[in-house]
Amino acid sequence: MLGKKLVTAQKRGETRALCLGLGMVACSMMMYFFIGITIVPFYTKSVWTTETMCKVLKANIKDQEVPCSNSEGSEDEDIFPYPCLQVWVNLTASGQEVMLYQTEDTLERNPKCSYVPGKSENSKEVKARIETIASNFRKYQTFPCYYDPGGTQTNVILSRLYPPKGLLFAFLWPTLLFTGGCLIIVLVKISQYVSVLSAWQ
């Protein structure tokens, strides 16, 4: 009787462990799919792939008293007026004078401004933040930036939304989850094989 109970408990434990492993594998597949349709397209679409040095030529805030809007002709409720910071740099790789943007998204949201703040109801804080950014550019005039080696985009960006390290980090967790699930499944199968072999002997 005791032996039957032990066998039953062992089978239940193996079933639960097997379900856990399969669940981990399924979750990792969902995470892979989510990353594949969200992060990967943005990473592959970015043409600013080569890092170089940029030297600030001028950093001006245009229309301080009459802030420029996020984008013209848009009815988006999240759009609000803000001072427009324009940063022009000398690209070391080619020696050209080009405009600097914070990220790829900044260029899409407003190609007239180098920095687009997030939505904020306090216009004073936004103005102070933009003035601080402008002063930092004037203070630290040489810094690394990214440009398009193919020449499709003549402007440069300060940082990439999804750099290679960020993409690898995004794939790290589902990979660990998938590996752990597969390891659990393999261990359960080995345990079942050993049990059957012991019973046969």
Correct closest heavy-atom pair for Tyr43 and Pro163 would be CE1-C, 4.1 Å
Modelled atom types, side-chain donor and acceptor of Tyr32 and Thr175, under 3.5 Å = yes
Shortest non-hydrogen separation from Met24 to Gly181 and the atoms involved | CE-N, 3.6 Å
In Å, rounded to the nearest 0.5 Å, how long is the span from CH2 of Trp88 to CG of Asn155?
-> 9.0 Å
One should read off an interatomic distance between Glu104 CD and Ile157 CD1, to the nearest 0.5 angstrom, of 4.0 Å
Gln102 side chain vs Val116 backbone, donor-acceptor pair below 3.5 Å | no
Phe143 and Phe137 aromatic centres sub-6.0 Å | yes
Is there side-chain contact between Leu85 and Tyr115, with heavy atoms separated by less than 4.5 Å?
-> yes
Give a yes or no answer on whether the side chain of Ser191 reaches the backbone of Leu187 with a donor-acceptor pair at less than 3.5 Å.
-> no
With sequence neighbours left out, write down each residue that passes side chain to side chain contact (heavy atoms under 4.5 Å, CB included) with Ser159, or none if nothing qualifies.
-> Thr103
For Val56 and Val89, work out which heavy atoms get closest and say how close.
-> CA-CG1, 4.0 Å
Backbone N or O of Ala59 within a donor-acceptor pair of the Arg138 side chain at under 3.5 Å?
-> yes
Identify the heavy atoms of Leu177 and Cys27 that sit nearest to each other, and give their distance.
-> CD2-CB, 3.7 Å
Only one of Thr52, Leu100, Asp148 passes side chain to side chain contact (heavy atoms under 4.5 Å, CB included) with Val156, and that residue is Leu100
Closest heavy-atom pair and its distance - Ser28, Pro174 | CB-O, 3.3 Å
Considering all heavy atoms, the nearest Ala17-Ile184 contact | O-CG2, 3.2 Å
Quick one: does Trp48's side chain have a donor or acceptor within less than 3.5 Å of a partner on Leu158's backbone?
-> no
So, does Thr106 use its side chain to make a donor-acceptor pair with the main chain of Tyr101 at under 3.5 Å?
-> no
